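As structure tokens, the structure follows; a few thoughts come after it.
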Number of protein chains: 2
Amino acid sequence: MADKDLNTENKILGAAEDVFIKKGMDGTRMQEIANKAGINKALLHYYYRSKEKLFMAVFNLAISKFIPRIEKIAYSDIPFFDKIRMFVEHYGNLLYKNQFIPMFVLSEIRRNPDQLANAILSQGVNTDAFFSIVQKEVDEGRIKPIEPRSFFINMMALIIFPIAAKPMFLRILYKNDKREYDQMLRKRLEEIPEFIINAIKV
Amino acid sequence: MADKDLNTENKILGAAEDVFIKKGMDGTRMQEIANKAGINKALLHYYYRSKEKLFMAVFNLAISKFIPRIEKIAYSDIPFFDKIRMFVEHYGNLLYKNQFIPMFVLSEIRRNPDQLANAILSQGVNTDAFFSIVQKEVDEGRIKPIEPRSFFINMMALIIFPIAAKPMFLRILYKNDKREYDQMLRKRLEEIPEFIINAIKV
DNA sequence: GTCTATATTGTGATAGAC
DNA sequence: GTCTATCACAATATAGAC
């Protein structure tokens with residue numbers, strides 16, 4: 001972050017990403033962003049008029065990178081269970097490498113649900129592709145009856161929750177052993193699809 | 001809240017619970033608590049010396065009410081799968097009736113992990129009872145091999161995540177229809193145990 | 001115990017020199 | 001474009017009257 005060879009605007013955005021995503025809107029100080037970017041507070045306001053606008057730039061950037069893009073996998077020509085495996089592997093890895101993202105998004109939406117949910121919707125989440133293939137599996141009797149949205153929520157819960165709740169589970173169940181916790185998270189990426197498949201197969 | 005027949009200290013604590021649990025430490029203003037309690041700011045400091053101390057009172061109270069107490073179910077004399085059903089039913093209902101609790105706990109632990117995880121640990125979470133009965137089921141070949149902590153996390157994920165992420169899923173998947181979302185949450189309490197049982201049964 | 005008034009501090013934002 | 005200095009306001013906390 002804040003590399004010497006970036007222009008000032010990008011240095012600011014990079015530093016703002018770091019701080020906002022770790023600490024959230026309310027927990028972030030403009031001073032900390034300025035320090036991390038190697039400039040002073042006044043320049044933040046020169047490039048982005050307010051904290052709110054800088055935050056929205058970071059939020060929209062985060063959303064654009066971390067919204068699940070499932071159309072490609074959904075419409076690909078592989079068996080349904082392999083689609084599950086591929087999605088969990090792909091999306092789980094993305095979040096594993098960016099572990100602060102889930103709590104960032106959840107916290108900010110809790111703080112300001114209407115505006116920020118709209119920010120997500122306006123970037124075009126496309127879950128319909130996923131829902132229709134799940135429904136088709138159900139209709140054709142290849143998996144147990146399940147409401148596609150519930151199924152989606154189950155899958156996201158199993159992927160996201162252990163990352164979002166890491167600060168808690170790490171201390172309460174794993175004696176603050178970060179290495180072991182991350183090992184568990186990686187192992188989950190293989191176990192979750194099988195867990196799900198066993199749960200729904202006929 | 002702030003009923004006329006409560007003494008001042010309890011009026012304050014009740015009002016503080018309402019506000020802190022919805023908005024978190026950073027999002028809460030002492031003025032709002034005072035208003036909701038029907039008193040003025042100075043009295044808050046008379047009873048609780050600082051915002052921090054008032055917050056800790058609320059946090060510890062929340063923890064004492066919402067930590068899962070699994071020993072009783074774990075050691076009861078019913079089949080393992082019925083224990084799962086009973087726990088999901090019981091704990092799920094508790095959180096369903098207190099839907100702000102999960103994000104409150106997760107957010108605050110993210111903000112201040114060491115102090116607040118200790119606050120939880122010092123109230124004595126007892127997950128060992130649960131872990132040992134899961135391990136026994138595995139050892140005796142009645143369920144598929146699974147690490148007890150992973151299993152616990154899966155179960156908690158399926159119960160908690162749809163509540164914690166409600167502000168997001170409600171708007172993105174349910175067109176802001178609160179009634180339908182709550183209906184889905186209640187229905188899940190019956191579906192989750194079967195989902196889990198299918199996933200692990202041999 | 002409860003109030004009003006005020007002190008104190010922190011922080012987002014702006015003015016103005018260079 | 002970038003800086004220093006400063007403003008303006010919000011929020012916690014305290015003093016002191018009753």
Side-chain angles (χ1 to χ4, degrees), chain A residues 1-62 104 107-108 110-112 115-116 119, chain B residues 1-61 104 107-108 110-112 115-116:
Chain A
M1 303 311 113
D3 290 337
K4 286 247 172 69
D5 55 346
L6 290 174
N7 64 28
T8 304
E9 188 165 355
N10 285 334
K11 277 197 294 193
I12 291 174
L13 195 58
E17 249 188 295
D18 283 0
V19 183
F20 274 129
I21 286 174
K22 272 190 204 133
K23 306 197 174 176
M25 173 73 174
D26 289 341
T28 290
R29 298 292 88 102
M30 293 294 266
Q31 185 64 58
E32 190 175 352
I33 296 175
N35 292 345
K36 191 160 276 197
I39 52 150
N40 62 38
K41 275 195 299 176
L43 260 194
L44 298 180
H45 288 90
Y46 176 79
Y47 282 95
Y48 299 83
R49 289 185 46 77
S50 65
K51 183 184 182 182
E52 172 70 19
K53 285 192 169 52
L54 179 52
F55 170 80
M56 284 308 298
V58 169
F59 187 83
N60 282 319
L61 193 61
F104 171 66
S107 296
E108 298 309 324
R110 168 205 194 207
R111 185 179 58 81
N112 186 0
Q115 188 192 353
L116 299 183
Chain B
M1 306 307 113
D3 289 337
K4 285 246 172 72
D5 55 346
L6 290 175
N7 64 28
T8 304
E9 188 166 354
N10 285 333
K11 277 197 294 191
I12 291 174
L13 195 59
E17 249 188 297
D18 283 0
V19 184
F20 274 128
I21 286 174
K22 272 190 203 135
K23 307 196 172 176
M25 173 72 173
D26 289 340
T28 290
R29 298 292 87 101
M30 294 294 266
Q31 185 64 58
E32 190 176 351
I33 296 175
N35 292 345
K36 189 160 276 197
I39 52 149
N40 64 34
K41 278 191 297 175
L43 260 193
L44 299 180
H45 288 89
Y46 176 79
Y47 284 95
Y48 299 82
R49 288 183 46 76
S50 65
K51 183 184 181 182
E52 171 71 19
K53 284 191 170 55
L54 179 53
F55 170 81
M56 284 308 297
V58 169
F59 187 83
N60 282 318
L61 192 62
F104 171 66
S107 296
E108 299 309 323
R110 168 207 195 204
R111 185 179 58 82
N112 186 0
Q115 189 193 352
L116 299 183

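Source: prediction; values computed, not measured. Residue numbers begin at 1 in each chain, while the letters A, B, ... track the order of the sequences. Computed from heavy atoms alone, side chains included, the values below leave out hydrogens, waters and symmetry copies.
Taking atom CZ of A/Phe55 as the reference point, atom P of C/dT11 lies 18 Å away to the nearest angstrom. Rounded to an integer number of Å, the gap from B/Lys11 NZ to C/dG1 P is 13 Å. Separating the NZ atom of A/Lys41 from the C1' atom of C/dA15 is a distance of 14 Å, rounded to the nearest angstrom. Atoms OH (B/Tyr48) and P (D/dT12) sit 17 Å apart, rounded to a whole Å. Rounded to whole Å, atom P of D/dG1 lies 15 Å from atom CG of A/Leu44. One can place CG of B/Leu43 at 7 Å from C1' of C/dG1, the figure rounded to the nearest angstrom. Taking atom CD1 of residue B/Ile39 and atom C1' of nucleotide C/dT2, one finds them 9 Å apart after rounding to whole Å. Rounded to whole Å, atom P of C/dT11 lies 11 Å from atom NZ of A/Lys23.
An OP1 or OP2 oxygen of D/dA13 is reached within less than 4.0 angstrom by a side-chain nitrogen or oxygen of B/His45. Close to D/dT12, at under 4.0 Å from its OP1 or OP2, lies no side-chain N or O of B/Ser50. The phosphate of C/dC3 has OP1 or OP2 within less than 4.0 Å of a side-chain N or O from B/Asn40.
B/Arg111 forms no cation-pi arrangement with B/Phe59, by the criterion of a distance under 6.0 Å to the ring centre and an angle within 45° of the ring axis.
Each of C/dT2, D/dT2, C/dT4 was ranked by its minimum atom distance to the side chain of A/Tyr47; first place goes to D/dT2. Relative to the side chain of B/Ala42, the nucleotides D/dT2, D/dT14, C/dG12 differ in distance, and D/dT14 lies closest.
Annotation: the span from B/Arg110 atom CZ to B/Leu116 atom CG amounts to 13.5 Å, rounded to 0.5 Å.
Looking at B/Asn112 and B/Glu108, their side chains never bring a donor and an acceptor atom within 3.5 Å of each other.
Side chains of A/Lys23 and A/Arg29 form no contact here, defined as non-hydrogen atoms less than 4.5 Å apart. Residues A/Leu13 and A/Tyr48 are in side-chain contact: their nearest non-hydrogen atoms beyond the backbone lie under 4.5 Å apart. For the pair B/Tyr47/B/Lys53, no side-chain contact is recorded, criterion being any heavy-atom separation below 4.5 Å from C-beta on.
DNA chain C is contacted by A/Thr28, A/Arg29, A/Met30 of residues 24-35 of chain A, taking any non-hydrogen atom closer than 4.0 Å.
Using a 4.0 Å heavy-atom distance criterion, A/Tyr46 is classed as a base contact.
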